Every structure is written in structure tokens, then in C-alpha cells.
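Computed from a predicted structure; not experimentally measured. Numbered from 1 within each chain, the chains take letters A, B, ... in sequence-line order.
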Amino acid sequence: MTLTELAGVRSHVVGRVEDVPPGEGRAFVAGGVQVAVFRLRDGSLHATQAACPHAGGPLADGQTDVDVLVCPLHLYAYRWSDGASTSGAAPIRTYPVRDVDGDLVVEIPASVG
Amino acid sequence: MGAPPEVVSPGTVLGGRPAGLETLHLADDDTDARARLVVVGNGMAGARLVEEVLERDGGEQVRITVFGDEPHGNYNRIMLSPVLAGESHEDDIVLNSHDWYADNGVTLRAGVRVERIDTAAKQVHGDDGSITPYDHLVLATGSYSFVPPMAGVHREDGGLLPGVFGFRTIDETRAMLEAAGRCRKAVVLGGGLLGLEAARALQGHGLRVDLVHAMPWLMNVQLDAEAGAILKRSVEALGITVHCDVLATEVLGSGHVEGVVLKDGRRLDCDLLVVAAGVRPSTDLAVRSGLEVERGIVVDDQLRTDDPDVYAIGECAQHRGQVYGLVAPAWEHATVLADVLTGTDPDAAYHGSRTATKLKVAGVDVATMGITAPERDEDEFLVISEPRRGVHLSVVIRDDRLVGATLLGDTRKVAYLTQAFDRGSPLPEERIRLLVDLSDGKAEVGVADMPGDSQVCNCNGVTKQTLCDTVKDGCTSVGAVMDRTRAGKGCGSCKSLVQQIVEWAADGDVTEDESASWYVPGVPLAKPELMAAIRERDLRSVSAVFAALAPGGKEDAKSKMGLTSLLRMMWGDDFADERDGRFINDRVHANIQRDGTFSVVPQIKGGVTTPAQLRRIADVAEKYEVPMVKITGGQRIDLLGVRKEDLPAVWDDLGMPSGYAYGKSFRTVKTCVGSDFCRFGLGDSTALGVALETRFQGIESPAKLKLGVVGCPRNCAEAYVKDVGVVAVGNGRWEVYVGGAAGASVRKGDLLATVGSLEEVLTVVGRFIQYYRENANWLERTYDFVPRVGLQRLQHVLLEDGEGIVADLDAGIQRSIDAYTDPWGQDGGRPATPGQFRPSLPLVDLPKVPVR
């Protein structure tokens, strides 16, 4: 599903916006990299690594608000803005994601995956 | 026998500077734009005020001059007793030396007595002829020893007869120490704190001591008669002779004291007489200067006298009719006044102190707070008296709040009681727990005695030391410490212990967590107000609640689950469900496991199953390669390690309803064999268990509900330790217990009611569950809820309809019962949202979750 390659970043269409219900997350594979994509209640899109760095929890099953994502296993929270944990865990990796005519497009740096 | 005291020549200045060094007194500098703050009195209150002002960077706004009657720096007057006893050296009690004043730019006029204040000219006149102008004047003149009228106690020049001492200053203490070496027999007048300490100290120096107390029992201000009598026995056991309820009328001796005569005619010989018969506020200066004085210098809530630029703090001040003789109120005065004077908080106000003291008197531990005896008919009064051990404990309770406590000889409970007294926090239903630890596994006190490396939060491995260090680093609210350390963030059962340790480590200086009372962290309302607001504004979805009630309308991830539960309880079928408001377990009706798989627990009502059900479960386990099949503690069968995408098919193949093993909801009813087969069974516990589970299945609640029914008091299904437990007691009667637990906390439930039929059991249990749903905090288990509310109140509300809400409760639970649908049947056929059962992990090979 790779579309373009630009300056070491690959864009991948992983699915449709409506595949992700409002406020929830779903897991996808983008160029061999597993990502969790979230559609918040304010309409914004976010993508992160799929597994929690603390104990491998499925972040796509977490709960969200406009500031943070909360892992379902031990409730560690991570900020969307920079991936940093608000409760002392290692940070998570975030990826740019956008809505292109209803397609979810995730950008993965070539260095990942 | 104490070690011989080190005699210091009376001229030594305590906290003084080495000879040759002179403090440079700068002339009043008119170019200095700073306001002039003059403090009269260099004792505990005055010096503390100076410290508080400096701490608020007040040195940039005011230049400070302190007048001290005594030539010394500032010393800890409380510690004079150990100095007299030879246990502390006088250098150890210096708080602020002369150097400290110089280093901080504070002018100390030690040894200068202020004779008069000219409030019109705003000047103070010293006895050295100096005149010092002020902008703000603070009187911290403290108090002086009261010498009761006795013939012969004074010399002609007005001074005390040689050999007679007050016990108030370091100079008096030094003189007594010096005399103690020469004297053989002492009389101490006054059986209060100071008198007892003086008696004990002098006795330690080898003197024979008689203690004369004018009141009927010792420490009559702090103790009741019984406790005073026990203290007398303890003091006499030390070898001190105590005479109560008698006045000394005459002091004998012409050049030096030789004895005292008591009112009953007895004569006590002595060559040392200590007068410790109480203190009086030093108000002479204020009176001379025309300020309003009653018992003390009258001040308002900002410690201001009737002259707007003159303040009074400490023992010389009278606030709302109260004069305090303790250091804690003086320090509170200093804090408030420093806020006012420096403008840190111009509206700071002092509202009086609730005084609690803990001390060691003559080797006996004493702690007192509030009143000592009941004052009104409804006051509860609990006394434990063990004269033989020298222990006397009492508490006074009014309107379910602790209003007084006296602990003599055993002060282990003091931290706990002080909290209850200061906070007005809820008291245990069994009042005796206020005074004694009953061994039920509850860690209530003993926080101070816990070793630092003992683990407090077993979920996150947090030790007491870590909590204390976090407090020391500046986290002073319980919530902040929990956030930082993650203590109490696991199962939550250690929260109250964490709170106690934080309070202990902060030494009472705990910042109240406003948010502690909120139902969820993201909406600043307690549950009753939140529910009222939701009803009033007709808010039916989680996002509507955030939009209307959260600060800035902002949603909060960690509040969503609690709000979902609350709204579902309140609105039933009319709740506007938003799937992102649910925790993952509630989105897919299964319990998430450490590796991202789920556990599936079908409903097995009352733990009664059939061969057909077992066969189906076995088939499903094989078909979906379920890694583990486990019998649960709730008498059900758990299929662990089911893949999310397999869930709908698993449910379909099982053909059984959900057992709700994942929700904050009614879970299960554990039963014993009951009367059908068991030869001891008194009631049909299995049938009742099945009926309970049928009626309350799937009902969401603030935290999980686990029930049990047993057919006789042998309690084979552990009903006594369930959230709700029902016990058959014969003749068709059933006992209903609530608030039991056998998890991280262990608690036997409280007997709510004994009823005569299965229908009544269902009614009472339904009412309790609904009351719990409407009133418990989010995630508050019944074992916390029941003691918080109190069994009596529950009985009053649920059985006697004392609040007239029983009909509403019955209707509320019925509405939820009617709204029940099996989630497995509901979402199994067609997913509720796109990708509801889509796997979240692992889609590609990932590093395995480490297995312990």
C-alpha cells in the first residue's frame, strides 16, 4: 500500500477513517511496522507504536482524551504531543497520520521497520 | 540520679557572640525606604515571626528590630525541663544565636526592656533610654510565672526570697541547677506540666521532693479526675510525695527559704522552693500603652490590636476570648501575621487553634486534645482505665466526631486520634477501635513504628521510606505522592495506609487534595453534586458531561469509565452509550490479560452447572486452543488466553450468557451445597444463590460485587467475607451481611438484617446494592463504603426507611434489572463498532511480553 517516498519517510494508507470509531484506536500494519491509529472525539488523528513500552500492552485498546492515551493494562498515560509518559514509563514513538480523502495515511520513517 | 550538672556562670549569654565581637548598630537610616518592623519579645513567638517574615523575603520590604528582655539569643523554652534534668545541655536549646540575627540583617536589642509604646508617635521607649520608631509593631511578650499570694515569699525589695525560684527562663533554670547541688529537700508548688517536670528533674539530682498542688488532681487542665489519680500514682511510684487539693499559705525563712506552711497547718521543710503554679500573659506594657487588654492583649483574626499598626502574638495575645499557653498556636499566629505583614496573603486570617498536645511528664506519656469529659447529654464517652499499668484512655465523641481525647501512659493511638480530631474524619462504628487495636488484620496505626523498608504498596513495590522521601521532596498532598510513587495505584487496598504515612511524614502539614472528594478526577464535583448536575441538565452521554461540567469542557481519559458506569446506573436504557467511554473489558465483554488476550467466564449461576454445559465448555476450549482452563474462586470456569477476534465465535459456541467477570459490576454468587444434599444445611443456599444471580446479573456498580450464600453458619462458601453474604440460621431465617472482603483487605461483613424469607433477602440485598450504587465513590468497595457510612445509618435508611427513599431505591434497582441484556448475545452477532473485535496485538512478530 506504499504510496510515496519522501526524504526517508514512507507514507502508507492503512485503512479508512471510519475504520476507527470516535475516541477509540485500532491497530494496523504500515510497511511492516505495527501502529495504533486513534481518532479522537475532536476529530484529530494520532498514530503511535502499537505496544506499550512498559509491559507490551495493546495501546489500540486504550482510552483517550485530547491530551493523552492510557494503556489498558496498567494505566500508564502517554502524551500525544511528544509521546512522553506522564507516569514515569519510557516514552512511546508517535507517527504523523492524516486523512486523505477518507484514507488514513501514516508516515513511517525509513529508519523504522 | 542524674549526672552533676555543668554549672555555667550566670553571666554567660546563651547563643551569644565570642568576646570582642560587637554587633554594629546602625543609626536609623532615613534613606532606607523599607518599613520598620519592631518586635517586642524574643521568645518562641517573636523569633518565629521574624523567621516567617524572612522566609517570605520580607527582608526586602521591612527592616526588623527585635527587643528581648533577656540578654540571650532565642532559645527553646520548652526544653528547659531537660536542661534542668541534666538531659540536655543549654547550648542544645539555642534556636537563633546573636550571629543569626546579624547574618539576617535583623537588629537584636537583647537585654533591653521596652517600657512604653507611644502609639501616637509610633515609637517604642526602651529602658536604656532609646527611642525606636516603627511602622508595624508586634508584641510577643509571652507570659510570666504566677506567684500565688503567700506570706513571706517576697523580700522587702519585692524580689523572691532566696531559694525560691520561678521556672520560666534559662537564668532561673541555671540558678536552680546551681542551687540543686547544695540543697537536699525541695518543694514544688504546682502539679501542672511544669511543676511535674521540675519535681522530676530535681528528684533526679538527688533531692527529696514534695509536690503541692492546689487543685484536686494533677494536671487538672488536661486530665480528668480519674486520669489525674492514675498519674499521681505513677509520680508517687517515682518517689515524689504528692499533696493535692491544698494551698501553700506561707513561706518560712528570713534570709533563705526554710519551708512552707500548708493551709491545713502542715509544714514541709525545704531549702529549695519552685513556684510553678501557672503563668499569666505579660500584658503590662500593653496596658501602660493604652491597648485593649482583657486576660491577654485583645487581637482580631489578623492578630491586630485595637491600634491598627500594633499586633500581638503568642501567649500574650487573646483571640476570640482564648489565650493559649502552647507553642503550636503561637506558631500559627506567626505564620498568619507574616502573611499579612509581607503581603504574601493580605487576607490571611487566624481562626483559633484546636489544641492537641503530646508530652512526657515525669516519665509518663500524656497526650490530650479537645475536651476531657462529656459536656452534653448526647456526648459519647469511652474510657479504658487500667490503674495498675498506669494507663488511662478516654475519648469524647459528639455528633460522630471526635471532640476530645486523653491518653495517659499509652499514646500509641495519638497520631490516629489527632487526625480524627483535626479533620473531623469519620470514626469507626466500634468506638473501642479508637483506643485499642483489635486484631482483624487491619493496619490502622503504628505507622511511626513501621520500618522504612517495609513495603506499603505491594502492587507497585513502594516502601514507607520512598513515601517519606517523596514527602520530604515537597510532595505534601496524598494524591501527589500517589502520582509520583504509583503507591495505591494498583489494587488500591493500601490507599488508607499510604494516606496515614504521608500524613505522618508531613507531620500534620498535609495539603488537602481537593480532588480527593471528586467522583472522577476530570470533573470537579463529588458524586451527589455530580448526579444532581447530570439530572438537572439532562446529560445522557459521557461527552455531554465533559462538555457541560469539566473545566474548559475538556474530556479526561481516566474519568470516562467512572462516568459511563454512573450514567448507565442513572439513566438505564436512556443512557446514550459511547463506546470510547468504556474500558476495553466493557467494549468486548471479556477481561484483558497481560499479553493482550482475554479471559472468558460464562455465567454459572450459584456455581451450579450441568454435564451439557461442561461438555460445551470443553469443546470450546479445544476448538479455540484455549491455553488455560481454570476453576475460579467464584465457582465458575475461566477460559484464559482467548484471542480478541475469536470472542464472538467463542460466545456463540458456548451458548451461555456472560458471567460479567470483567466489569465493575455484580459478578457472582458463591454458594454451598445447601439443604438438598448437605446433612447440616439449614436453608436452600443454592436456590437462593441462583435467585440472587438471576435477579442482579450484570448490574453495574462503583466497584465489583461478589456475593455468597451459605446454608449454615459453617460458612463453607465464605459468605461472611463477601460484599453481600447471606447465611441460613434455621427456621427459614437468613442473616444478610454487607461489607465483607477477603482480598487484599480482609474484613468480616456487618450484619445488616435477619429476615424470614427468600423474598425479603432479595429485597434487602437489592436495596443495599442500589444505595451502594448511588452513594459509593467510584471504585470504592463495600468494605470501605459500609464502615464509612456506618452500619446504623444503613439500617436506618434501608430497613426503617429513615430517609424516605426506600421506594426510590427499590424502583431504581428494578429499572436496572429490567434493562439487563446479555452483552454476549447483543454484540456477538454483529459488532457494535467497526473493528470491535479486531486484534490489537500482535499483527506482526513482536518481542514477546516477558513472562515472569
Side-chain angles (χ1 to χ4, degrees), chain A residues 14-42 44 48-80 85-89 104 113, chain B residues 459-460 482-486 489-490 521-522 541-543 546-547 550 552-561 564 578-588 591-598 644 831-852:
Chain A
V14 296
R16 297 286 296 172
V17 171
E18 59 269 21
D19 290 345
V20 185
E24 294 194 48
R26 292 287 181 261
F28 300 95
V29 179
V33 177
Q34 187 172 321
V35 295
V37 176
F38 299 84
R39 177 152 69 110
L40 302 193
R41 287 232 158 235
D42 66 359
S44 64
T48 68
Q49 69 186 65
C52 180
H54 166 238
L59 291 176
D61 285 343
Q63 286 191 286
T64 65
D65 60 33
V66 291
D67 295 322
V68 295
L69 155 69
V70 181
C71 175
L73 287 196
H74 305 99
L75 307 186
Y76 279 80
Y78 301 93
R79 286 200 301 256
W80 300 120
S85 162
T86 62
S87 29
L104 287 173
Chain B
C459 296
N460 289 312
M482 283 173 46
D483 282 344
R484 176 91 73 86
T485 60
R486 301 191 58 74
K489 298 264 183 178
S541 70
V542 171
S543 53
F546 285 129
K554 206 165 164 188
E555 58 173 358
D556 174 58
K558 292 189 176 178
S559 301
K560 288 184 174 181
M561 189 183 179
T564 299
E578 290 167 343
R579 286 278 164 156
D580 65 310
R582 302 184 182 194
F583 185 59
I584 184 65
N585 285 5
D586 298 314
R587 289 186 205 164
V588 301
N591 198 349
I592 193 165
Q593 304 296 307
R594 59 181 302 150
D595 59 355
T597 64
F598 290 83
K644 194 185 191 182
T833 56
Q836 183 185 8
F837 301 103
R838 188 191 160 93
S840 288
L841 279 179
L843 302 177
V844 290
D845 277 341
L846 281 173
K848 276 257 186 229
V849 178
V851 176
R852 261 177 250 174

Trainee: With chain A, which of B/Asn585, B/Val588, B/Asp580 has the greatest number of heavy-atom pairs at distances under 4.5 Å?
Mentor: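 Highest number of pairs under 4.5 Å: B/Asp580.
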Trainee: Show the nearest heavy-atom pair for residues A/Phe38 and A/Ala60, with the distance to one decimal.
Mentor: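 Nearest pair, atom of A/Phe38 first, then A/Ala60: CZ-CA, 3.9 Å.
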Trainee: Could you tell me which non-hydrogen atom of A/Val14 sits nearest to which non-hydrogen atom of A/Val29, and how far apart they are?
Mentor: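 Looking at all heavy atoms of both residues, the shortest contact is CG1-O, 3.8 Å.
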Trainee: Could you tell me which residues satisfy salt bridge (charged side-chain N to carboxylate O under 4.0 Å, His left out) with B/Lys554, sequence neighbours excluded, listed by chain and number?
Mentor: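 With sequence neighbours excluded, B/Lys554 shows a salt bridge (charged side-chain N to carboxylate O under 4.0 Å, His left out) to A/Asp67, given in chain and number order.
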Trainee: Side chains of A/Val20 and B/Pro834: closer than 4.5 Å at any heavy-atom pair?
Mentor: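 They are not in contact (no side-chain heavy atoms under 4.5 Å apart), so the answer is no.
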Trainee: Measure the shortest side-chain to side-chain distance between A/Ser44 and A/Trp80 over non-hydrogen atoms and say whether it is less than 4.5 angstrom.
Mentor: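 With C-beta onward as the side chain, the pair stays apart.
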Trainee: Measure B/Arg579 against the heavy atoms of chain A and call it side chain, backbone, both or neither at under 4.5 Å.
Mentor: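 For B/Arg579, backbone and side chain are both near chain A.
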Trainee: Under 4.5 Å heavy-atom distance to chain A, tell me which part of B/Gln593 shows up: side chain, backbone, both or neither.
Mentor: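 Backbone of B/Gln593 only, per the 4.5 Å heavy-atom cut-off to chain A.
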Trainee: Between A/Pro72 and chain B, which part of the residue has a heavy atom less than 4.5 Å away: side chain, backbone, both or neither?
Mentor: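 Its backbone and side chain both get close to chain B.
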Trainee: What part of B/Asp483 gets within 4.5 angstrom of chain A, counting heavy atoms only: side chain, backbone, both, or neither?
Mentor: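 Neither part.
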Trainee: Once the angle between the rings of A/His54 and A/His74 is folded into 0 to 90°, is it parallel (under 30°), tilted (30 to 60°) or perpendicular (over 60°)?
Mentor: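 Taking A/His74 first and then A/His54, their aromatic rings stand perpendicular (interplane angle over 60°).
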Trainee: What part of A/Val66 gets closer than 4.5 Å to chain B, counting heavy atoms only: side chain, backbone, both or neither?
Mentor: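 Both parts, backbone and side chain.
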Trainee: Based on non-hydrogen pairs under 4.5 Å, which of B/Arg484, B/Lys644, B/Met561 is most in contact with chain A?
Mentor: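 Looking at each option in turn, the highest pair count goes to B/Lys644.
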Trainee: Less than 4.5 Å to any heavy atom of chain B: does that hold for the side chain of A/Asp19, its backbone, both, or neither?
Mentor: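 For A/Asp19, the contact with chain B is made by the backbone alone.
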Trainee: Can you name the salt bridge (charged side-chain N to carboxylate O under 4.0 Å, His left out) partners of A/Arg79, sequence neighbours left out?
Mentor: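 A/Arg79: salt bridge (charged side-chain N to carboxylate O under 4.0 Å, His left out) contacts with A/Asp82.
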Trainee: With chain B as the partner, which of A/Val68, A/Leu40, A/Thr64 has the greatest number of non-hydrogen pairs under 4.5 Å?
Mentor: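 Looking at each option in turn, the highest pair count goes to A/Thr64.
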